[in-house]
Chemist: 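Before we start, here is the structure in question, set down as structure tokens.
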Amino acid sequence: MPDPTAQTPDRDAVLAALERVIDPKTGQGLNSAGLVRGLVLGAGRAGFMLEVPRGDAEAYASVRKAAEEALKAVPGVAQAQVVLTAESAPARTVSRGAKLSSEAVEQGRPKAPVPQGRPDHVRKVIAVASGKGGVGKSTVAVNLACALAGLGLRVGLLDADVYGPSAPTMLGLSGAPEYGPDKKMVPKDAWGLKAMSIGLLVDPDQAMVWRGPMASQALGQMLGETRWGTEDAPLDILVVDLPPGTGDVQLTLVQRTVLDGAVIVSTPQEVALADARRGVRMFEKVGAPVLGLVENMAFFPDPSTGEPIPIFGRGGAKAEAERLGVKFLGEIPLDMDLRKGADAGRPLVATDRQGSTAQVFAGVAQAVRDALSLTS
Ligand SMILES: Nc1ncnc2c1ncn2[C@@H]1O[C@H](COP(=O)(O)OP(=O)(O)OP(=O)(O)O)[C@@H](O)[C@H]1O
Ligand SMILES: [Mg+2]
């Protein structure tokens, strides 16, 4: 939450400060050069998109930093955020050091660039994804991350859902992240996790208007400019909560980091399963291993006996996983405490490790850990 006592910085003062930062291409101030897009001013905060032509993004990295410094010098700006965005979809840009996957070429797949590494001091990166929205992907991502931490692993959670970030609510986080001496953002500590969310950087209402390319660029920064781990204490696993669908943000993720696996979340309804199929195919296409399928809201436990009441019919997701040739990782019940915990910023798995739902998550976490050969 923004500090309610902080004042909103003066728009003219902000624009004047940005005008003093020179666009190297045109020699004009950033504002005159038309590079200041989507200026957001809030209590103690200022941020905007520095939108540059495709191909120029790397050349503007220093301009981005200078713009951030300029914003911080404006009275009333405690937190400044400048997101460098390319004008066209970054899905088509190839990050430095990327090379074509020979396997992809051989199999005649789209020539997706394959990144050469993960974020600094991160051992494994996995994505939690779904083809469809509202299937409980964020709930699964957050609680799976807690379950992985419960196995003694060092775990990070990156909420990449730029359109509807949920980690701040689900983990009870607030306030912009701080910057370390290395100029990297310091993730928040929450429930034994290192957490980072676009929701901590921008007003969620503002995030709604971001277009795909901008969102992708922001994700790149959260991956590359966050101090997830250190040399002495590397993160074992970074869990990325993706927005629904198969768009730019998903592609950016696989272009910016090695992706060690994807967990696909689905609900029992056939429609959601069709979407899950799409999700599985997308990761296969980009060469990221699908670790398996999690069926969420799979059944309703009988309030008195705990026996599953299969309100949607059972076994659909398991059979579908078999058909798709991916592992079935588990069935998460409909659990009101899971929802309440998410709404209250107290993830159920972290607060009630012995409960039956937490046990299901522990099983999924073990499967993920084993699939990635992670040891704590
Ligand atoms: N197993 C469950 N039992 C009860 N409620 C659940 C369960 N899983 C998710 N929910 C609830 O369903 C709602 C949607 O969940 P969530 O936000 O995790 O979905 P999502 O797939 O991330 O959605 P979006 O596509 O909007 O990102 C939330 O209110 C959440 O608390
Ligand atoms: Mg979500």
Side-chain angles (χ1 to χ4, degrees), residues 126-147 157-173 191 195-200 204-205 207-208 210 212 215 219 222 239-250 253 262-269 271-276 278-279 282 293-303 306 308-312 314 316-317 329-352 355-365:
I126 66 164
V128 176
S130 67
K132 189 178 165 238
V135 298
K137 184 172 24 66
S138 301
T139 306
V140 170
V142 163
N143 283 282
L144 174 60
C146 291
L157 181 86
L158 167 50
D159 175 10
D161 194 343
V162 280
Y163 304 105
S166 36
T169 306
M170 290 189 178
L171 293 171
L173 304 175
W191 306 99
M196 186 72 189
S197 168
I198 194 77
L200 298 174
D205 296 336
M208 290 297 285
W210 287 19
L219 172 60
M222 286 198 296
V239 178
V240 184
D241 177 12
L242 285 172
T246 51
D248 279 353
V249 174
Q250 282 75 1
L253 180 70
V263 170
I264 311 289
V265 181
S266 142
T267 57
Q269 285 88 339
V271 150
L273 289 172
D275 286 303
R278 206 170 312 148
M282 171 183 69
L293 194 70
V294 169
E295 184 175 20
N296 188 30
M297 308 193 226
F299 61 90
F300 187 72
D302 186 308
I309 304 175
I311 33 180
F312 307 115
R314 287 193 85 187
L329 296 173
E331 295 179 309
I332 317 280
L334 253 174
D335 182 342
M336 283 310 127
D337 288 337
L338 195 57
R339 186 184 60 70
K340 280 188 204 149
D343 290 349
R346 299 172 53 79
L348 181 65
V349 166
T351 56
D352 177 22
S356 55
T357 298
Q359 296 292 318
V360 178
F361 276 106
V364 177

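Order of appearance sets the numbers: ligands from 1, and atoms from 1 within every ligand.
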Chemist: If you round to the nearest 0.5 Å, how far is CG of Asn143 from OG of Ser138?
Modeler: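 If we round to the nearest 0.5 Å, Ser138:OG and Asn143:CG are 10.5 Å apart.
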Chemist: Hey, is Leu338 touching ligand 1 through its side chain, its backbone, both or neither, going by heavy atoms under 4.0 Å?
Modeler: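 Contact part for Leu338 vs ligand 1: side chain (C-beta onward).
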Chemist: For atom 12 (O) of ligand 1, what's the nearest protein heavy atom and its distance?
Modeler: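 Looking at atom 12 (O) of ligand 1, the protein heavy atom closest to it is Met297 CE, 4.1 Å.
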Chemist: Is there a nitrogen or oxygen of Gly136 sitting under 3.5 Å from a nitrogen or oxygen of ligand 1?
Modeler: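 The answer is yes, given that Gly136 and ligand 1 share an N or O pair closer than 3.5 Å.
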Chemist: Applying a 4.0 Å heavy-atom criterion (strictly less than), which segment of Asp161 is in contact with ligand 1: side chain, backbone, both, or neither?
Modeler: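 For Asp161, the contact with ligand 1 is made by the side chain alone.
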Chemist: In Å and rounded to the nearest 0.5 Å, what is the CE to CG distance from Met336 to Leu334?
Modeler: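 It comes to 5.5 Å.
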Chemist: Regarding ligand 1, does Lys137 bring an N or O atom to under 3.5 Å of one of the ligand's N or O atoms?
Modeler: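 Right, the criterion is met.
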Chemist: Side chain, backbone, both or neither: which applies to Pro333 and ligand 1 if a contact is any heavy-atom pair less than 4.0 Å apart?
Modeler: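 It is the backbone that gets close, since no side chain atom is under 4.0 Å.
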Chemist: Distance to 0.1 Å, residue and atom name: give those for the protein heavy atom nearest to atom 11 (C) of ligand 1.
Modeler: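 I find the closest protein heavy atom is Arg339 CG, 4.1 Å.
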Chemist: Numbering the atoms of ligand 1 from 1, which are under 4.0 Å from a heavy atom of Gly133?
Modeler: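 Near Gly133, meaning under 4.0 Å from one of its heavy atoms, ligand 1 has 25 (O).
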Chemist: Nearest 0.5 Å, what's the CE-CG distance between Met196 and Leu173?
Modeler: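 Taking CE in Met196 and CG in Leu173, the distance rounds to 10.5 Å.
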Chemist: Is Asp335 in polar range of ligand 1, meaning some N or O pair under 3.5 Å apart?
Modeler: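 Yes, since at least one N or O of Asp335 sits under 3.5 Å from an N or O of ligand 1.
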Chemist: Report the nearest protein non-hydrogen atom to atom 9 (C) of ligand 1: residue, atom name, distance rounded to 0.1 Å.
Modeler: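 Going atom by atom, the protein heavy atom closest to atom 9 (C) of ligand 1 ends up being Thr139 OG1, 3.5 Å.
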Chemist: Is a donor on one side and an acceptor on the other found under 3.5 Å between the side chain of Trp191 and the backbone of Cys146?
Modeler: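 No, because the side chain of Trp191 does not come within donor-acceptor range (under 3.5 Å) of the backbone of Cys146.
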Chemist: For the atom pair CD (Gln250) and CG (Leu242), what is the distance rounded to the nearest 0.5 Å?
Modeler: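 Here the interatomic distance stands at 5.0 Å.
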Chemist: Just need the protein heavy atom nearest to atom 23 (O) of ligand 1, so name the residue and atom and give the distance.
Modeler: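 For atom 23 (O) of ligand 1, the nearest protein heavy atom comes out as Gly134 N, 3.2 Å.
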Chemist: Using a strict cut-off of less than 4.0 Å between a Lys/Arg side-chain nitrogen and an Asp/Glu carboxylate oxygen, indicate whether Asp343 and Lys340 qualify as a salt bridge.
Modeler: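 Result for this pair is no, no salt bridge flagged.
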Chemist: Report the distance from atom CG of Leu338 to atom CG of Asn296, rounding to the nearest 0.5 Å.
Modeler: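 Result: 7.0 Å between the selected atoms.
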Chemist: Under 4.0 Å from any heavy atom of Met170, which atoms of ligand 1 are there?
Modeler: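 Counting atoms of ligand 1 from 1, those under 4.0 Å from Met170 are 17 (O), 18 (O).
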Chemist: Return yes or no for this condition: an N or O of Leu334 is under 3.5 Å from an N or O of ligand 1.
Modeler: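 No - when backbone and side-chain N and O of Leu334 are compared with those of ligand 1, no distance drops under 3.5 Å.
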Chemist: How many angstroms lie between CG in Leu158 and CG in Leu219, if you round to the nearest 0.5 Å?
Modeler: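 Between Leu158 CG and Leu219 CG, I get 6.0 Å after rounding to 0.5 Å.
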Chemist: Evaluate Leu293 against Ser266 for side-chain contact (heavy atoms from CB on, under 4.5 Å), listing each step before the verdict.
Modeler: CA-CA 7 Å; Leu293 194 70; Ser266 142; 4.3 Å; yes
Chemist: Which residue owns the protein heavy atom closest to atom 8 (N) of ligand 1, what's the atom, and how far is it?
Modeler: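 Residue, atom and distance for the closest contact: Asn296 ND2, 2.9 Å.
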Chemist: Using atom types as modelled and distance alone, determine if a side-chain donor or acceptor of Asp352 lies under 3.5 Å from a backbone N or O of Leu348.
Modeler: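 Between the backbone of Leu348 and the side chain of Asp352 there is no qualifying donor-acceptor contact (under 3.5 Å).
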Chemist: Under 2.8 Å from the Mg ion (ligand 2), can any N, O or S atom of Thr139 be found?
Modeler: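 Here the distance criterion (N, O or S atom, under 2.8 Å) is not met by Thr139, so no.
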Chemist: Counting only heavy atoms on the protein side, is anything nearer than 4.0 Å to atom 2 (C) of ligand 1?
Modeler: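 Within 4.0 Å of atom 2 (C) of ligand 1, protein heavy atoms are found.
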